Amino acid sequence: MPRHTRRETAVLAAPLVLFLLAILGFPVILSVVYGLSETTFQTLRSPSFTGLDNFSRVIADDRFWQAAWFSLRFGVITAVLQCALGLFLAVYLAPLIARHGWTVAVLIMPMVVAPAMMGLMYRLSLHEFAGPIPHYMWQWFGWSPAFLNARNVFATVVVAETLQWTPFAFLLLLAAYQTLPRDVAEAARVDGTRPWRLFWKIELPLLMPTLWIALFIRFIDGFRVFDNIYTLVGSGPGGITTSMSIYIYEAFLRQGDIGRALAAAILLFGAAFTLLSLAQRLGRRRRAA
Amino acid sequence: MKLHSVLRWAVFAVAAFVMNFPILATLVTALKPPGEVTRNPSLWIESPTLENFAIVLTVSDRLNIYAYLFNSLTAALIGAILPILLCFPVAWALARRGTGRAVLFPLVVNLRALPLIIFAIPLYIMYATLGLLDTRVGLGLILAVVNLPLAFLLIVNAIQAIPLELEEAARMDGARLPRILRRVVLPLCRPAFLTTFIFGFITAWNEFLFGLMLTTQKAVPVTVGASFFFATSGGGVQWGVAAAVMIVAALPPLVLGVVMYRRIGGSMLGGAVKG
Amino acid sequence: MGTVELDGVGKSFGEVEVLRDIRLDIAEGEFCVLVGPSGCGKSTLLRLIAGLEEVSAGRIRIAGRDVTALESYDRGLSMVFQSYALYPHMSVRENIAFALETARLPRAEVARKVAEAARMLRLEPLLDRRPSDLSGGQRQRVAIGRSIVREPAAFLFDEPLSNLDASLRAETRIELAALHRKLGTTMIYVTHDQVEAMTLADRIVVLNAGRIEQVGPPADLYERPATEFVATFLGAPSMNLVRGAAAEAEGAETLGIRPEHLRADPSGPWTGTVAHVEYLGVDTIGYVDVGEIGRLALRLPGRAPMVPGETLTLGYDPGTLHRFRAGLRIG
């Protein structure tokens, strides 16, 4: 590349690169410094170096591992549920949507509401005195579960997350379904293929790449969940809905243990990074194959 | 044939009702007078009223919804527009010259997958030093980071879709790079900018964690403000007012999303497939 | 002054050498057609002249000035692309005016030149439309209009007719020739269509595998092809090539004879069976299998009484033969 072209390219890349360095580069350095130090809000300017102490405290903390286990379970279960439901809705409703496009707008409404607001809305809906759901449970079945007690709260947050984000999987799969080559389906139909067989043998395999992407994105978002759980139940009874994000948040703002919070964040970053490069390597191999 | 059509409508109705139930329940609650909420928690409103909305939309000691809305609007605008400005030039360099294909592009796109809390704490410390804590600009800047991955992807896709011959024609017409970018590439990227903006605005408006951690009083966005209100009203529960606050807070992205749903669907596929 | 001189121009993409040592002087006002099979490097050569690609070797001079190191926007050329590359977000008027505005011409002058080009190309009623509202032929005229307003040192055309249907192509060909007569500007025109090459060119440059096979006026190339490649590339059906004893008898390694120079002649040397007949109206093409010589094509005027399966003896006038040795013309 000639010299003036290189200079041009540098100018073009400069805004983004400088922005990233300023707003992420500096915090990364801070993370490492504070992650290796003992700090509270009172001693924010003068961290005292303690080496890997924070990390060993995190690793020794049972609640950290509980949070990790919660996030992992939550991410996997909600991703699978959302993608299964989303796939069903996309494929089954596709003929309806082809004629009445507005139905999509109704179905995606949950995902454009802030998850934090959605958490509060569920709190209202499930409230034992003000919520319509317990009201109808009592009226129809003469009984209503305590949705937010230790036994039920996991299922409750899973359902809430699933119902809010199924539209995402639905929309992604619908877009992919609508771009499937029509002639393949038509050729199969002319060849006498039944709808059910058409779906399993032809459409589903063609949708698989998008389905994997949807699963991956939904898992990521489930794994890092914070807003809706936080506003619905906080860390839950006995801390059983403490996700990784909530664990770090509480260590930081509730307990003021900046070192431990950062050490946990760095560990989380490492885990996420490893997972990500693994997923990408897998994706690349799939594409190459 | 007929039966399937009826079944499809039924499935649609059930899915729409179940998934949107909390929104519906909140709206219903917001339209009930204070006395009715706990007496009649059903979806039927005995005496509909706009009283709760009137309370919410009136400035009081306890609640100034306009301040929250203004904070959200400012931060969301910064968070939605800044990524477009930052990404456009480098996206062109990436699409046409391969700049940043090895490091910058994967780095930015992978930000999408990282838990935001990782950035929140060091940013809190940095903002505390720089005086950006509890400011709309500070909040807007980090929301811009949240929106960078999708903005980068969508704009790179848009530029790659522009035939190279158009830029070559402009070169033959005597135009240098700045003029080519301004007069040829930029106008053709407008639809992508609009999509990026809508997505970015909804995401930024709905963001909660950074608002919770990086603001305390002056720059609190409406998502966090609504939750404050909810928490403090826990004792003397004012469900109707709380519900009205939530409806007001949820309305802007909801309207934007419903109006622009076509754009959202198509671009999600574009954004996801390359990522 | 619109001369274009190529002095030892070469181009490689990585390890692949696309063009090697191209030497060509194009005169002021000449209509020069670069022709060759796909992949021969003709479009690359045009893009090198345009400055859209950098040369790997050699120099390029335009109007006597060495432009090898200059960007395309400083070379003073204009180009019509195969896809026309009209700016989709601008009206026809804005498309045509873009180059003039880029050059910061006064507004009145821009308007005058746009009006003039529009009149010449019958684009006046279309000036406020967008390219997407135009037919293929109209887009083509806009692309030409966009390039003529710049008053360039030379026009470059990259297969400009290949997106038009057959009848429009013939019509546009004639308009292009008329335009060249009117403007008198140097034109460099790339095509793979030999009819365009034959009808438009003052001089044809036949390219093959990155090298120039022959340069000359259409008639020269058709009547005295310098190589076997040129002999078979121009003309349809292609020139018949005969090797072996029959060629040696005429003192050549390969003997070439055009289909129209073969005739049914009972005293002729080649006897064979008619395999296939194509009646085209003006003439009739017959394909005759002649033993070890192979299949020969002959063109007879009008509706010739040939039927498949019939035995035919072919003869020729020795003056019409082309003789080649090692792929090159002898004599």
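Reminder, nothing fancy here: chain letters follow the sequence lines and each chain counts from 1. What you see below is based on every heavy atom in this structure, not just the backbone, and it leaves out hydrogens, waters and symmetry mates. Fair warning: this is a prediction, and the values are worked out from it, not measured in the lab.
- Looking only at side-chain heavy atoms (C-beta outward), L262(A) and P122(B) come within less than 4.5 Å of each other.
- Atom CG of L114(B) is separated from atom CG of L268(A) by 8.5 Å, given to the nearest 0.5 angstrom.
- Options A16(B), P252(B), A113(B), P178(B) differ in how many heavy-atom pairs under 4.5 Å they form with chain A, and the most are formed by A113(B).
- Only the side chain of L89(A) comes within contact range of chain B, with heavy atoms under 4.5 Å apart.
- Contacts of Y230(A) with chain B are made by side-chain atoms alone, with heavy-atom separations under 4.5 Å and no backbone atom involved.
- Only the side chain of F88(A) has a heavy atom closer than 4.5 Å to any heavy atom of chain B.
- For W205(B), no part lies under 4.5 angstrom from a heavy atom of chain A.
- Contact of L104(B) with chain A is made through the side chain alone, with heavy-atom distances under 4.5 Å.
- With a threshold of 4.5 angstrom between heavy atoms, F88(B) does not approach chain A through any atom at all.
- Counting only heavy atoms from C-beta outward, the side chains of L120(A) and T26(B) never approach each other to under 4.5 Å.
- For the atom pair CG (L132(B)) and CD1 (I23(A)), the distance works out to 8.0 Å, reported to the nearest 0.5 Å.
- For a residue to count as touching a neighbouring chain, one of its non-hydrogen atoms must lie under 4.5 Å from one of that chain's; by this rule A214(A) does not touch chain B.
- Both the backbone and the side chain of L16(A) come within less than 4.5 Å of a heavy atom of chain B.
- In this structure, H127(A) and W239(B) have side chains that are in contact, with non-hydrogen atoms separated by less than 4.5 Å.
- No donor-acceptor pair closer than 3.5 Å links the side chain of N206(B) to the backbone N or O of P115(A).
- Results of the side chain to side chain contact (heavy atoms under 4.5 Å, CB included) test with P27(A) over I118(B), L123(B), I142(B), I121(B) single out L123(B) as the only residue that passes.
- The choice from A249(B), S42(B), G100(B) that makes the most heavy-atom pairs within less than 4.5 Å of chain A is S42(B).
- Ranked by heavy-atom pairs under 4.5 Å with chain A, the list L254(B), I202(B), V258(B) is led by L254(B).
- Looking only at heavy-atom pairs under 4.5 Å with chain B, the residue among H100(A), M244(A), Q164(A) that has the most is H100(A).
- In this structure, OG1 in T29(B) is found 10.0 Å from CE in M121(A), a value given to the nearest 0.5 Å.
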### Task
Begin from the C-alpha positions of Y124(B) and I258(A) and carry the test side chain to side chain contact (heavy atoms under 4.5 Å, CB included) through to its verdict.
CA-CA 11 Å; Y124(B) 179 93; I258(A) 298 175; over 6 Å; no
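- In terms of non-hydrogen atom pairs under 4.5 Å with chain A, the most contact-rich of L82(B), N20(B), T38(B), V90(B) is N20(B).
- Contact of L20(A) with chain B is made through the side chain alone, with heavy-atom distances under 4.5 Å.
- The choice from L173(A), I97(A), L275(A), D227(A) that makes the most heavy-atom pairs within less than 4.5 Å of chain B is D227(A).
- Looking at V28(B), neither its backbone nor its side chain comes within 4.5 Å of chain A, counting heavy atoms on both sides.
- Counting heavy-atom pairs closer than 4.5 Å to chain A, the top residue among V37(B), L148(B), L212(B), N40(B) is L212(B).
- Pairing each heavy atom of R97(B) with each of T9(A), the nearest pair is NH1-OG1, 3.1 Å.
- Of the inter-residue distances, the one linking M213(B) atom CE with I248(A) atom CD1 reads 9.5 Å to the nearest 0.5 angstrom.
- In terms of heavy-atom pairs under 4.5 angstrom with chain B, the leader among A279(A), P15(A), S277(A) is P15(A).
- Most heavy-atom pairs under 4.5 Å with chain A: of the set V108(B), V18(B), L141(B), V222(B), this distinction falls to L141(B).
- Of the two parts of L96(A), the backbone and the side chain both hold a non-hydrogen atom closer than 4.5 Å to a non-hydrogen atom of chain B.
- Considering every non-hydrogen atom in both V112(A) and G257(B), the closest pair reads CG1-CA, 4.1 Å.
- Chain B forms the most heavy-atom pairs under 4.5 Å with one residue out of I220(A), L253(A), L107(A), and that residue is L107(A).
- With respect to chain B, the highest number of heavy-atom pairs below 4.5 Å among A13(A), P110(A), A272(A) belongs to P110(A).
- Judged purely by atom type and a 3.5 angstrom limit, Y261(B) uses its side chain to pair as donor or acceptor with the backbone of G101(A).
- A donor-acceptor contact shorter than 3.5 Å is absent between the side chain of R224(A) and the backbone of L116(B).
- Neither the backbone nor the side chain of L256(B) comes within contact range of chain A; no heavy atom of the residue lies under 4.5 Å from a heavy atom of that chain.
- Among the candidates A261(A), G35(A), G119(A), P95(A), the residue making the largest number of heavy-atom pairs closer than 4.5 Å to chain B is P95(A).
- A heavy-atom distance below 4.5 Å is found between the side chains of L24(A) and V145(B).
- At a threshold of 4.5 Å between non-hydrogen side-chain atoms, the residues L124(A) and P22(B) do not count as touching.
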Donor-acceptor list for residues 129-139 of chain A side chains, cut-off 3.5 Å, not counting sequence neighbours:
residue	atom	partner	partner atom	Å
H135(A)	NE2	Q139(A)	OE1	3.4
Y136(A)	OH	L43(B)	N	2.9

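- Taking 4.5 Å as the limit, every side-chain heavy atom of L163(A) sits out of range of all side-chain heavy atoms of F21(B).
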### Query
Can you check side chain to side chain contact (heavy atoms under 4.5 Å, CB included) on W9(B) and T103(A), steps first, answer last?
CA-CA 10 Å; W9(B) 278 111; T103(A) 51; 4.1 Å; yes
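- Neither the backbone nor the side chain of L24(B) has a heavy atom closer than 4.5 Å to any heavy atom of chain A.
- Taken to the nearest 0.5 Å, the CZ atom of F12(B) stands 14.0 Å off from the OH atom of Y92(A).
- Note: F208(B) and F226(A) have tilted aromatic rings, judged against thresholds of 30 and 60 degrees for the angle between ring planes.
- Both the backbone and the side chain of R112(B) come within contact range of chain A, each with at least one heavy atom under 4.5 Å from a heavy atom of that chain.
- Interface residue F19(A): only side-chain heavy atoms are found under 4.5 Å from chain B.
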### Message
Quick one, M246(B) with V113(A), criterion side chain to side chain contact (heavy atoms under 4.5 Å, CB included). Give me CA distance, side-chain angles, the key distance, then yes/no.
### Response
CA-CA 10 Å; M246(B) 284 190 278; V113(A) 170; over 6 Å; no
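- Note: M19(B) CE to T166(A) OG1 = 6.5 Å, rounded to the nearest 0.5 Å.
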